[in-house]
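All figures in this text were calculated on a predicted structure; none of them were measured in a lab.
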Amino acid sequence: MEGTPHRVVVIGGGFGGLQAVQKLARLPVEVTLIDRRNFHLFQPLTYQIATGALSSEEVCYPLRAIFKRRRNVRVLLGEVAEFDLEQRTVEIKPEVGELGPLAIPYDTLIVAGGSRYSYFGHDEWAPLAPEVKSLESAVGVRGRILSAFEAAEMEPDEERRRGWLTFVVVGAGPTGVEMAGQIAELARDTLRGDFRSIDTGDGRVLLVEMADRVLTTFPPSLSAKAARSLENLGVTPVLQRTVVDIDEESVTVEAADKGHERIPAHTVIWAAGVTASPLARRLADATGAEVDRAGRVTTNPDLTLPGHPEVFALGDMVRVRGEDGEVTQLPGVAPVAMQEGRYAAKLVRARLRGREHGPFHYRDKGNLATIGRARAVADLHWVRLSGFLAWVTWLMVHLWYLVGFQNRILVFIRWGFSFCTHGRGGRIIQEVGPQGGARPDS
């Protein structure tokens, strides 16, 4: 512990990276946190930005503000260009200024690059069916949704108007279910009465899923309750259908019998499947680690990479090989990344003290998904909840993990106001693009 402090570089300010830095900041080490954005985004609530329930500032928190009082933590705004594992340096390209690439040395490297949505080989669909995983895309989706209602208000042709009032959400996991429910509430509750030529309640919300039920990671009983709640809100689950084509005016789905159906719709939102950050493959190429079809790199039981005990990988971009040699694919949810981040920090502390530390074990505390106003499902293993009680549980858990006391207060007030008034304060179209909705760079 004497001499030069141990240098830890953490890539990514998401849930895993943030937890690692928060724990490491209490140790006598120098920590450098590198991210392309200067804020931590609470991704479980980005869909509420996309539907006007919350504003972007309420689910983001500046990384520098989080570590303002931790003098041993340095935050850099940049993107990783190269890893040199032999020299133990990370080359980054600054996001601002005129400097060229910078080489950041480390003694321990923690990479938490996260993931992005996969279009299953059809990346050309991305501009037509945006996702809501990032802040920028969530703001853009909000513009598309609100612009669709505005276009329908001015459209004299009834058939084309139905296309504007049809919203297709692809993928019936938690994000897809939450997104579909929020759009239905926006159309049937919040916006009703705001327009003169259309009845927003006539809008259709279709939830397309290739499986035979929604929320397949939940028990079938809760999945069935979620489907009923969606239908009560006006969402139509379109199950056992696969999207085979998307254009500017429609979505084409394929049934199990290979029959095709073209659905006229101008607004499509993608929430189906993820692929790991490209950083995972770079690390795999440098260490010889295995990579699966989704681009996830395989780590040792202690989250390190083969031949490089000083390099940790965690979060959505990894799968873990157990002590028995079996590879485990953990859920791509925030609790997994948070536990892995805390574990990596504990292992660094143990090494500095010359102590042994056991392998990583994930403690599954259950699943939560909200469907709409006072509607949710919760699988807590020891108890299964649905309806209002599950919704309150969902609210409390998300408020607890939201970063920043001010943000917790603001979100609590906004949710309370929305519950009492049925209003949404974030219904702003920032800049209209050629196909309707906010431009990607707005």
Side-chain angles (χ1 to χ4, degrees), residues 1 5-45 57-78 80 90 92 104 106-115 135 277 279 299 302-304 310-318 330 332-353 355 357 360-363 365 396-411:
M1 303 293 292
H6 192 85
R7 299 164 300 181
V8 183
V9 171
V10 179
I11 308 297
F15 288 104
L18 185 65
Q19 286 293 313
V21 176
Q22 286 178 326
K23 298 300 180 184
L24 290 166
R26 304 171 186 175
L27 303 178
V29 299
E30 291 182 353
V31 183
T32 301
L33 173 60
I34 302 170
D35 199 289
R36 293 181 299 172
R37 302 287 185 266
N38 74 328
F39 55 84
H40 168 76
L41 172 65
F42 194 79
Q43 280 189 349
L45 294 181
E57 294 80 5
E58 293 163 347
V59 298
C60 298
Y61 204 83
L63 291 170
R64 294 188 182 278
I66 297 174
F67 302 108
K68 182 177 181 179
R69 293 179 175 84
R70 298 293 184 179
R71 306 306 298 176
N72 62 329
V73 177
R74 181 189 186 197
V75 179
L76 297 180
L77 193 64
V80 173
V90 178
I92 67 169
I104 311 298
Y106 66 85
D107 298 303
T108 295
L109 174 64
I110 300 175
V111 184
S115 63
L135 176 63
S277 163
L279 296 181
T299 70
D302 60 358
L303 303 181
T304 62
E310 78 283 359
V311 180
F312 293 84
L314 48 90
D316 294 355
M317 59 179 278
V318 308
L330 296 171
V333 294
V336 173
M338 294 170 70
Q339 290 184 34
E340 290 177 340
R342 291 193 291 265
Y343 170 85
K346 290 178 182 178
L347 186 49
V348 171
R349 181 181 62 185
R351 289 176 176 177
L352 292 174
R353 296 176 177 177
R355 299 175 181 174
H357 199 289
F360 173 74
H361 292 289
Y362 171 55
R363 183 184 175 191
K365 299 179 182 179
M396 294 300 102
V397 168
H398 283 69
L399 284 173
W400 175 262
Y401 285 111
L402 193 63
V403 176
F405 178 75
Q406 174 180 291
N407 282 16
R408 294 188 187 116
I409 296 299
L410 290 174
V411 171

Minimum side-chain heavy-atom gap Tyr362-Pro335 below 4.5 Å: yes
Distance-only check: which donor-acceptor pairs under 3.5 Å involve side-chain atoms of residues 18-32, not counting sequence neighbours?
unit_1	atom_1	unit_2	atom_2	d
Gln19	OE1	Arg342	NH1	3.0
Gln19	NE2	Gln22	OE1	3.4

Atom of Met317, atom of Gly114 and distance for their closest heavy-atom approach: CB-O, 3.5 Å
side-chain contact (heavy atoms from CB on, under 4.5 Å) partners for Lys346, two or more places apart: Arg349, His357
Residue list, side-chain contact (heavy atoms from CB on, under 4.5 Å) with Ala112, at least two apart or on another chain: Leu314
Any residue meeting ring-ring contact (aromatic ring centres under 6.0 Å, His included) with Phe360, in chain and number order, not counting sequence neighbours: Tyr343
Separation of Ile92 CD1 from Ile11 CD1 (nearest 0.5 Å): 7.5 Å
Heavy-atom side-chain contact between Asn72 and Pro5 under 4.5 Å: no
Counterpart residues, side-chain hydrogen bond (donor to acceptor under 3.5 Å, both in side chains), relative to Thr108 (two or more places apart): His6
Given Leu352, Leu303, Asp302, the one that forms side-chain contact (heavy atoms from CB on, under 4.5 Å) with Leu347: Asp302
Arg74 atom CZ, neighbour heavy-atom count above 12 within 6.0 Å: no
Donor-acceptor under 3.5 Å (Glu58 side chain, Leu410 main chain): no
Sequence-distant partners of Glu310, salt bridge (Lys or Arg N to Asp or Glu O under 4.0 Å), two or more places apart: Arg88
side-chain hydrogen bond (donor to acceptor under 3.5 Å, both in side chains) against Gln406, all qualifying residues, sequence neighbours excluded: none
Those residues that, when tested against Arg7, pass salt bridge (Lys or Arg N to Asp or Glu O under 4.0 Å) (two or more places apart): Asp107
Under the salt bridge (Lys or Arg N to Asp or Glu O under 4.0 Å) test, residues paired with Glu340 that sit two or more places apart: none
Distance, nearest 0.5 Å, that separates CG of Leu402 from SG of Cys60: 9.5 Å
For residues 34-43, please give each side-chain donor-acceptor pair under 3.5 Å, one per line with the distance, not counting sequence neighbours.
unit_1	atom_1	unit_2	atom_2	d
Asp35	OD1	Arg37	N	2.7
Asp35	OD2	Gly13	N	2.5
Arg37	NE	Glu136	OE2	2.8
Arg37	NH2	Glu136	OE2	3.3
His40	ND1	Gly13	O	2.9
Gln43	NE2	Lys133	O	3.2

Option from Val80, Val111, Ile104 for which side-chain contact (heavy atoms from CB on, under 4.5 Å) with Val9 holds: Ile104
Contacts of type side-chain contact (heavy atoms from CB on, under 4.5 Å), residue Arg69, not counting sequence neighbours: none
